[in-house]
Each structure stands twice: as C-alpha cells, then as structure tokens.
*Asks:* 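Can you read through this structure? Questions will come right after.
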Amino acid sequence: MILKGSPRKIRVMITTFRDGLQSSFGGKVRLKEILPAMEAAARAGIRHFEFGGGARYQAPYFYGGEDPFVDMDEMRRVVGPDVDLQILTRSVSGVTLTTQRLATLELQAKLMRRHGTTWDRNFDYMNDVDNLVRTGAPIVASGMHHQVCVAMMGLPFEDPTVHSAEFYVDVVRRLLARGLRFDSVCMKDASGTADPKTCYETAKGLKKILPPEMPLWQHTHDTASLAVACYLAGIEGGVDAIDLSVRPMASGTVQPDVRSMWHALRGTGFTLDVDETRIHEVESQLLESLKDYEFDPITTTPDARVVNFPMPGGAIGPNVQMMKQAGILSKYGEVLAEFPVVVRAGGAWTSVTPGSQQYWLQAFDNVLHGRWKKIDPGYGMAVLGYFGRPPLAPDPEVVRIAADQLGKQPFHGDPLEAAPDSLSLAHEALEQRGLPATEENLFLVAAAIVPGKSLDLNEGIRFLTGKAKVSLPFRKRAEAPPAPPPGTGPVLSASPAAAWGGPVTTECTVVEGRSTRRFLVTLAPPAAVGAAAPSSEEPSGGRWTPVYSPFEGKVELVEVRVRVGDAVRVGEVVAAVEAMKAKHDVRAPCSGRVASINAEIGSDVVAGRPILTIAA
C-alpha cells in the first residue's frame with residue numbers, strides 16, 4: 001500500500017478517444033459519435049487527451065469512410081487550442097503495421113503536427129534502442145513533445161534476463177547514453193501483464209537515472225484486473241502521470257475509470273489533476289452517443305488468462321471481431337493456448353502492435369495449419385530481423401523455416417533502410433488514377449500499403465476514389481424485417497438446376513452518403529447453394545463444382561489467379577481471401593476447367609456462395 005508522504009498531484013491523460021475506441025471497438029467508431037463527449041470532457045476541465053495514432057489513425061478510413069486528418073482537425077477544434085493532444089507511434093512502423101523508410105516517418109511527424117498533435121508517444125516493440133533513436137529524430141524535429149517508451153509485459157514463461165525491472169531500466173539508460181532528446185518517459189504495458197512489483201521497481205530505477213525535472217508516465221490496461229494495483233505501485237515508485245479512461249470505455253481491455261483511481265488514492269496524499277465529480281457528464285454523453293454500438297463482452301470483461309497470453313487490449317477487441325466475422329470464433333481458446341509457443345520462439349518481443357498481431361497471426365496459423373507449417377509474413381520478417389533485434393535470440397529452427405518459406409535471409413542491418421519505398425509507390429498509384437498527390441493523400445495511401453496486396457485494394461485508394469468500405473459494430477436489430485407485399489418479391493424459376501447452366505451473377509449498387517459500394521450477387525443451382533460438396537447436376541454434359549471460401553463467415557476476396565476457361569488441378573491455389581488481416585489460399589476441390597468467376601476482387605464473400613465454379 002502507498003505510504004502517505006508529501007502531497008503530490010498525479011497528471012492524467014484521458015485515453016477514451018483513442019485507446020478506449022481501439023480496445024472496445026477496434027477503433028471503428030464514427031467521429032460524430034465521439035465528438036460531443038470529447039467536447040464535454042474539455043468543458044469538464046480535462047487538459048490532456050489521447051486522440052490519434054495507433055489503430056485509430058487507420059480505422060476512420062479503413063472502416064468508417066472518414067478522413068483521419070479531418071477527424072483530428074475537428075477534435076482539435078472542439079477542445080480548443082490550449083489542450084494537449086497526443087498520438088501513439090510504433091517506431092519503425094509509425095502508424096502502420098509494416099516497416100517504413102525514414103522519409104515516410106518524417107512526413108508522418110509533419111502531418112501529425114499540422115493536424116493538431118502536441119505530444120507523440122513513441123515505442124518500439126522490440127525495445128530496440130537503435131530504432132528508438134532513429135525514429136525519435138523526426139518527432140523532435142517536428143516540434144512535438146517527444147515521449148519515449150520502454151515497452152513492458154509479463155512473460156508467459158520464465159526467463160530472468162528480459163522483461164524485468166533491470167531490463168527496462170537498462171533500455172532507458174542506453175537511450176540517455178545515445179544522446180537522444182526526449183521530453184518524458186513512459187512505462188508502457190499494452191497487455192496489462194506486468195506485475196505490481198516490477199512496476200514499482202522499474203519506476204524507482206528510472207527515477208534514479210532520469211533528470212529530476214523529466215516526467216515519468218505509466219500506461220497499462222485492466223484486462224487482468226491489475227491496472228489499479230500496478231498504478232499504485234508505479235506511483236509509489238515515483239511515477240508522475242498515468243493514463244485513465246471513462247466508462248463505458250474503461251476497465252476490461254481499456255484503462256481504469258478515473259473514479260476507480262481517484263478512490264484508490266484516497267488518504268494516500270496523492271490526488272489526480274482531473275475533477276472526478278464531473279466525469280459523469282462525459283459518461284452520460286458517451287452512453288447516449290454510443291447507444292447503437294454493440295459492446296462485445298470479450299472486450300468489456302476482465303480475463304485473467306491474459307497473464308499467459310499477453311495480448312494488448314487494443315488487439316483483443318479487433319481480433320475477436322474479425323474472428324466472429326470470419327465465423328471462426330470457436331478457435332479463440334486454441335489460439336490463446338498457442339501464444340507461449342510463438343512468444344518464446346520469436347524472441348520475446350513485447351506484445352504490442354505490430355508485435356502482438358504477429359504473435360496472434362502465427363498462433364492462428366499454427367492452429368489452422370499445424371505448428372510452423374505456415375509462417376505468417378509479419379512474424380517471419382520479425383524473427384528474421386527486419387523489424388529490429390528482439391530481446392532474446394529467436395529459435396534457430398523457426399528462423400530457418402521462415403527464411404525458407406518467405407525466401408528471405410536473416411537481416412542484421414537498419415530496418416528503415418530495408419523497408420519498401422511506400423511514398424514512391426503511393427505517388428505512382430495516385431498519379432495513375434488521376435488523384436491529387438497532396439501530402440495527406442500520399443500518406444493515406446502509403447500507410448495502407450501491404451506487401452503483396454494489390455493497390456486497387458489499398459484502403460487509401462478506396463477512400464480517395466469514393467469506394468471506402470464501411471464496417472461499424474452496430475447493434476443488430478431484434479425485429480425481423482417486414483415481408484414484402486404479395487407479388488412484389490423476387491420470382492425464381494421452379495425449373496430444375498440443370499436448366500440454369502451454372503450460377504447466375506448480377507450486380508447491385510448501394511449508395512450511402514459519399515460512399516458507393518458495388519456488390520455481385522450470385523444465384524447458384526439449388527443443389528449447390530450452401531453446399532461444400534460438388535453439385536450432382538450435370539448441365540451441358542458436365543458437372544459444376546462450386547469453389548468456396550475456407551471460412552464460414554464473411555471475408556474479403558483479394559485475389560483470383562485464374563480466368564474462365566483455364567484448366568486447374570485439384571489442390572491448386574485459384575484465389576485468396578483476407579481474414580484476420582492475413583491472406584489465405586483458396587484451393588480447387590477438383591480438376592477441370594474454370595466455368596465462371598462469380599465474385600469480384602475486393603468484394604465480401606461468405607460461406608455457401610461460390611467464388612468461382614469448375615466444370616469437370
């Protein structure tokens with residue numbers, strides 16, 4: 001328990017409008033649903049907000065059809081010019097999931113500052129000091145407050161050499177020795193799995209080596225119900241500031257509510273610089289604005305299992321939602337159980353984006369295909385050294401398998417220099433499509449580039465051409481839609497499937513505001529609808545075999561490798577779908593010739609509706 005000492009005020013950053021959105025909804029919330037609550041928070045006297053970066057940079061245009069820079073401008077407008085607005089950046093990845101060149105990170109810092117950011121919290125999931133030094137320079141040059149992080153987590157296995165207080169203090173000691181300019185330090189535990197004793201000892205050790213005037217911040221999540229205890233331990237060790245949120249986006253996978261922390265500090269001599277009596281105003285506005293959104297119990301309920309599978313709150317929410325959408329939520333427990341295996345084999349990098357996603361996808365692939373049978377590209381690039389040096393040496397056998405599958409050799413150089421030139425690719429893509437190559441447009445496209453993914457499916461290109469996908473977690477309506485009046489519904493022929501001559505595809509267009517989306521609707525012969533087995537019908541002397549997505553739920557078609565008339569062999573890869581932010585092969589169930597292509601690249605495909613058909 002904290003001993004009562006000299007009265008001291010603990011500074012608070014409110015994370016509701018960035019981490020709260022990400023951890024609760026994967027960031028998939030429209031600006032109009034959060035702006036009134038943010039304005040209410042500013043009126044209530046809150047002077048420091050997290051408002052962008054991380055997944056909340058990409059979510060507006062990936063899932064909401066909104067420009068993230070416009071969102072940032074509007075948030076700055078409602079809080080006023082004197083409030084601190086903070087973003088989260090990921091070292092060599094910036095606000096993306098892949099490595100970037102220094103020029104891209106320089107543009108990122110310039111744009112973030114232009115659109116209202118005053119503080120930039122920068123972490124490296126490998127705790128690679130070289131990465132932090134190189135990526136910190138653009139933040140300093142932009143004029144933003146540079147907050148450098150030591151990334152923390154609890155190991156799901158025993159190893160005293162890493163993820164200890166001594167390990168974390170040494171990271172900052174080496175940063176000081178390198179002469180990197182930073183204005184504050186953050187102990188960042190994205191998974192909420194560091195124990196209170198480690199938090200206390202890390203804070204105490206850091207305060208001994210930092211200049212006395214430099215603030216020490218602490219960030220954690222309440223996923224394992226440890227956040228308040230860890231904050232109390234950190235404050236006793238010397239922490240000056242902490243991150244808190246406001247329900248309904250507080251606790252669970254998010255940060256604790258302001259009122260919980262205020263109550264925990266009563267009688268200790270410590271107070272918060274936030275008026276807890278006015279938090280209900282923010283809460284009331286959030287409850288009203290978010291009444292149509294569905295809160296998933298997995299993101300709102302504490303889960304003690306996280307101490308054995310360190311996953312950040314900001315990743316649990318989106319991954320659960322993607323698994324539900326793909327119809328594979330039944331695999332969730334198996335994926336968690338595989339976590340310690342991929343953490344140890346990878347080299348114990350910290351489970352925070354993009355490292356948490358790399359762990360998750362590799363654990364997912366191990367469950368789906370067999371251990372190490374398929375190496376996730378991100379995980380493989382990480383064990384090969386393309387994101388920096390992990391705390392422990394990766395498993396040599398996994399390194400060998402990754403090199404073989406990805407066709408890459410282990411890398412020991414600067415990840416920034418090995419990164420693709422995403423700005424040049426973005427400029428070329430904009431020019432080819434006649435789109436203006438403004439700095440904002442360049443970055444929108446560059447930040448969404450994924451190696452091997454067609455630029456036609458790039459979320460930046462989609463947004464700028466009015467084809468953004470809108471996918472928001474609204475509550476499902478309980479009432480069934482009314483039946484159409486007699487005689488107005490679609491009429492289907494009662495003739496047998498043989499008369500169809502194969503699936504029939506038509507197109508419909510849906511216009512929603514500024515967003516226009518096209519859908520291909522396929523009617524398959526009755527024997528093929530909802531069936532995974534080949535149809536028994538034999539139109540025109542042959543047998544039609546539909547080819548389906550390997551997932552039961554909704555996924556995106558990202559590649560079709562064949563054309564009508566092509567000969568294919570059983571087991572050949574004929575298409576690919578994207579699920580869990582990764583590409584998955586679709587294989588031919590039989591040999592024959594492609595009779596029809598029934599779905600368009602970029603469209604959503606679901607179980608029971610064929611991607612293509614093969615005539616045997």
Side-chain angles (χ1 to χ4, degrees), residues 53-55 57-58 62 87-112 120-139 148-149 151 180 190 312 315 346-347 349-362 375-391 394 399 402-403 405-429 442-453 455 458-460 581-583:
Y57 169 74
Q58 293 176 325
F62 276 39
I87 62 167
L88 179 68
T89 53
R90 307 159 176 155
S91 181
V92 296
S93 298
V95 293
T96 78
L97 295 176
T98 58
T99 52
Q100 300 292 337
R101 291 192 180 181
L102 190 59
T104 308
L105 299 180
E106 289 169 344
L107 176 59
Q108 171 186 284
K110 178 182 178 181
L111 291 172
M112 294 299 168
D120 188 336
R121 173 180 289 172
N122 191 42
F123 71 88
D124 186 83
Y125 78 100
M126 296 276 185
N127 279 311
D128 187 312
V129 170
D130 289 338
N131 285 352
L132 287 169
V133 170
R134 296 184 188 104
T135 61
I139 298 170
V148 74
C149 291
L180 172 67
W349 60 70
T350 314
S351 188
V352 59
T353 307
S356 55
Q357 194 68 12
Q358 292 164 354
Y359 281 152
W360 177 271
L361 289 174
Q362 190 56 59
I375 296 293
D376 169 71
Y379 184 89
M381 294 291 278
V383 299
L384 290 171
Y386 288 88
F387 283 86
R389 292 182 297 278
V399 171
Q405 288 192 23
L406 301 182
K408 295 273 189 179
Q409 291 302 308
F411 180 72
H412 305 287
D414 180 358
L416 296 171
E417 294 179 359
D421 186 358
S422 58
L423 285 182
S424 293
L425 292 172
H427 194 280
E428 182 179 351
L442 276 170
F443 194 75
L444 284 169
V445 175
I449 288 175
V450 175
K453 186 174 181 178
L455 276 166
N458 177 280
E459 285 83 359
K581 295 184 180 178
K583 186 189 288 188

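What you are looking at is a predicted structure, and each value in this text was computed from that prediction instead of being measured. We use all heavy atoms of the structure for the numbers below, so side chains are in, but hydrogens, waters and symmetry mates are not.
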*Asks:* Would Leu88 and Phe123 count as a side chain to side chain contact (heavy atoms under 4.5 Å, CB included) if you check the C-alpha gap in whole Å, the side-chain angles of each, and the deciding distance to 0.1 Å?
*Replies:* CA-CA 8 Å; Leu88 179 68; Phe123 71 88; 3.6 Å; yes
*Asks:* Are side-chain heavy atoms of Met112 and Val95 found at a separation under 4.5 Å?
*Replies:* yes
*Asks:* Is it true that a side-chain atom of Tyr379 and a backbone atom of Gly346 form a donor plus acceptor pair closer than 3.5 Å?
*Replies:* yes
*Asks:* Which pair of heavy atoms, one from Tyr57 and one from Leu444, lies closest together, and at what distance?
*Replies:* OH-CD2, 3.5 Å
*Asks:* What is the minimum heavy-atom distance between Ile449 and Ser422, and which atoms define it?
*Replies:* CD1-O, 3.6 Å
*Asks:* For Ser91, run the side chain to side chain donor-acceptor pair (under 3.5 Å) check against Asp124, Asn122, Asp128, Asp130 and tell me which one passes.
*Replies:* Asp124
*Asks:* Please confirm whether Tyr359 and Tyr125 have ring centers closer than 6.0 angstrom.
*Replies:* no
*Asks:* Check Ser356 against Ser351 and note the closest heavy-atom contact, atom names and distance.
*Replies:* CB-OG, 3.5 Å
*Asks:* If you measure from CG on Leu423 to CD on Glu428, what distance do you get to the nearest 0.5 Å?
*Replies:* 13.0 Å
*Asks:* Please name the pair of heavy atoms, one in Pro138 and one in Ala109, separated by the smallest distance, quoted to 0.1 Å.
*Replies:* O-CB, 3.6 Å
*Asks:* How long is the straight-line distance from OG1 of Thr135 back to CG of Leu102, given to the nearest 0.5 Å?
*Replies:* 9.0 Å
*Asks:* List the steps and the verdict of side chain to side chain contact (heavy atoms under 4.5 Å, CB included) for Phe443 and Thr104.
*Replies:* CA-CA 8 Å; Phe443 194 75; Thr104 308; 3.8 Å; yes
*Asks:* Hey, could you give me each pair passing salt bridge (charged side-chain N to carboxylate O under 4.0 Å, His left out) that has a residue in residues 87-98? Not counting sequence neighbours.
*Replies:* none
*Asks:* Find out whether Cys149 and Asn127 are in side-chain contact, i.e. whether some heavy atom of one side chain is under 4.5 Å from a heavy atom of the other.
*Replies:* no
*Asks:* For the side chain of Thr96 and the backbone of Thr98, is there at least one donor-acceptor N/O pair under 3.5 Å apart?
*Replies:* yes
*Asks:* When rounded to the nearest 0.5 angstrom, what is the spacing between CZ in Arg121 and OG1 in Thr89?
*Replies:* 10.5 Å
*Asks:* Nearest 0.5 Å, what's the CZ-CH2 distance between Arg389 and Trp349?
*Replies:* 15.0 Å
*Asks:* side-chain contact (heavy atoms from CB on, under 4.5 Å) with Gln405: which residues, sequence neighbours excluded?
*Replies:* Ile375, Ile401
*Asks:* Roughly how far apart are Trp360 CH2 and Asp376 CG, rounded to 0.5 Å?
*Replies:* 13.0 Å
*Asks:* Looking only at heavy atoms, what is the nearest atom pair of Leu455 and Ala429, with distance?
*Replies:* CD1-CB, 3.9 Å
*Asks:* If you compare all heavy atoms of Ala448 against all heavy atoms of Gly460, which two are closest, and at what distance to 0.1 Å?
*Replies:* CB-N, 4.0 Å
*Asks:* Give, for atom CD of Glu106 and atom CD1 of Ile139, the distance between the pair rounded to the nearest 0.5 Å.
*Replies:* 11.5 Å
*Asks:* Do Leu105 and Leu416 make a side-chain contact, defined as non-hydrogen atoms from C-beta onward lying under 4.5 Å apart?
*Replies:* yes
*Asks:* Is the side chain of Gln58 donor-acceptor paired with the backbone N or O of Ala447 at a distance under 3.5 Å, no angle test?
*Replies:* yes
*Asks:* Is a salt bridge present between Glu459 and Lys453, judged by a nitrogen-to-oxygen distance below 4.0 Å?
*Replies:* yes
